[in-house]
Every structure is written in structure tokens, then in C-alpha cells.
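Source: prediction; values computed, not measured.
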Amino acid sequence: MTAKGLSCRRASEWLFKGLDFECEPGQLLWLRGSNGSGKTSLLRILAGLSHADEGQLSFRAQDTSAFRKTLVYIGHTNGLKDDLTAFESLDFVARLHGRRCDQEVLSMALRRLAIHHRRHAAVRTLSQGQRRRVALSRLALEREPGLWILDEPFDSLDAEGIEAINGLLKEHLERGGGVVMTSHVPLNLVGVDVRQLELGRSQIS
């Protein structure tokens, strides 16, 4: 993925302007910046949920259709329905995005995030951390080296949950996937190509 001159404004104010960056296969791009610097807005542009005011975004090695099939976006909110159980929620999200999985695969994903024991519980009865685990268990369903776009995936997670997500991130990067994410939690990914994009300075380090 390559971005050239990406710019986004809110009303008359520019959130960011003239961003140039890349995210190559096997690479994690960590978006950083203060509150209101446009991190979530940039993630939504990358996911195709909104449009940049200026600039271009291109994806190499696959056409747009194939890219959309392998893109995973998990926003800051969990996007779960209160009336569904944890298992039903994961199944619904998987089907919504074209991932038809049998019960064994769905159960495996919930186990990976240590939330399988609550699979029959309604989402409304789960804690914030448990809801986050259910939402993020979708990552355990993915097998293709596509692009993951994650907005604060570690929010509400304890140390065990953070470790589980770090494991999934590393596996995805090792199979040639790419990740663009925000996080206030320091990343602990040994042997992984992590680059940083600081919004407000438009610099990659």
C-alpha cells in the first residue's frame, strides 16, 4: 500500500496534510499522534470507509476487488450486537465479510482470545474487555496475507489479551500480511518490521 499526499480536513481545519508513506508485506505501520491528530480518520480512509480530501492511495500486487476481500478493519468500537451471544456475534461478523466458518473454526478463534467459556453469553452481559476479545477474535479467522487496519486494538485488554493479539499480529506479518494500527500501548513484537508514522509531523521513522 502506498499513500501520496494524503490530506484530510474537518470543516475548515486540516487534520493532516501531504502524508506520504508505504506499508509493505510483512510490515507494521504504527500511527502515532495526539488526540485529534486524525489517526482514526486516516484509518477510515485506508479502509475505504471515507475519502481523503487530497492525495492518492494505491495497492500493489492485487487488484482492488481482491484487496477488499482480504482487508480487515476493526475500529475503536467493537461493532457487536447486544442481543447476540459471543459465538453468534463472531459468526455474524465473519459471514458479513464473506468468511464462512464452521463451528470448530469459530470456537478455535474464541479460544485463541480466551473467551470461549463465554460463547453462549449475550454480548450485553460481557465486560468491556470481554467484548473487545470477541471483536478481535475475528483476527484468528484470517489466513490470507491481506491488510489489517486496527484502531486501538489493545483498549480494555489485560496483559493476557495483549499477549494474544501480539501473537496474532506476528503470525500475520510472518505470512506476508501488512498491518496499520494505532496504539497507546507500546508494541512488543520481537523480530518484526515496525515503522512509525507520527501525525502532525508527517514523518516515518
If hydrophobic clusters are built from ILVMFWY residues whose side chains come within less than 4.5 Å, do [X] and [Y] share one?
X	Y	answer
Ile115	Phe92	no
Ile149	Leu6	yes
Leu49	Leu43	yes
Ile45	Trp14	no
Val72	Val93	no

Is [X] reaching over with its side chain to a backbone N or O of [Y], donor-acceptor style, under 3.5 angstrom?
X	Y	result
His172	Leu147	no
Ser7	Gly18	yes
Trp30	Ser183	yes
Lys39	Asp151	no
Arg119	Phe87	no
Ser137	Val134	yes
Arg99	Glu142	no
Arg124	Ala122	no
Ser34	Ser37	no

Distance in Å, [X] [atom1] paired with [Y] [atom2], rounded so as to fall on 0.5 Å steps:
X	Y	atom1	atom2	result
Leu168	Trp148	CG	CH2	5.5 Å
Leu189	Asp193	CG	CG	11.0 Å
Asp102	Asp91	CG	CG	10.0 Å
Ile74	Ile165	CD1	CD1	7.5 Å
Leu126	Arg131	CG	CZ	6.5 Å
Arg138	Cys101	CZ	SG	10.0 Å

Where is the tightest heavy-atom contact between [X] and [Y], given as atom of each residue plus distance?
X	Y	result
Ser41	Ser50	O-OG, 4.2 Å
Ser89	Leu80	CB-CD2, 4.0 Å
Ala47	Tyr73	CB-CD1, 3.8 Å
Leu71	Leu46	CD1-O, 4.1 Å
Met181	Pro153	CE-CG, 3.5 Å
Gly36	Leu15	O-CD2, 3.6 Å

Does atom [atom1] of [X] have more than 12 heavy-atom neighbours, drawn from other residues, nucleotides or ligands, at distances under 6.0 Å?
X	atom1	result
Arg175	CZ	yes
His117	NE2	yes
Glu171	CD	yes

Taking side chain as C-beta onward, heavy atoms only, is [X] less than 4.5 Å from [Y]?
X	Y	value
Leu197	Arg195	no
Gln196	Leu187	no
Arg132	Phe154	no
Leu199	Leu19	yes
Leu106	Leu141	yes
His51	Leu57	no
Met1	Glu22	no
Leu157	Val185	no

Under-4.0 Å salt bridge between Glu54 and Arg9: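 So Glu54 does not pair with Arg9 through a salt bridge.
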Pairing of Arg133 and Glu160 as salt bridge, 4.0 angstrom limit: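 Yes, this pair counts.
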If you apply the rule side chain to side chain contact (heavy atoms under 4.5 Å, CB included), what do you find for Leu173 with Leu28, and how did you get there? CA-CA 8 Å; Leu173 294 166; Leu28 186 152; 4.1 Å; yes
With Thr182 as reference, evaluate Leu31, Thr40, Asp155 under the side chain to side chain contact (heavy atoms under 4.5 Å, CB included) test and give the passing residue.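 When Leu31, Thr40, Asp155 are each tested with Thr182, the side chain to side chain contact (heavy atoms under 4.5 Å, CB included) holds only for Leu31.
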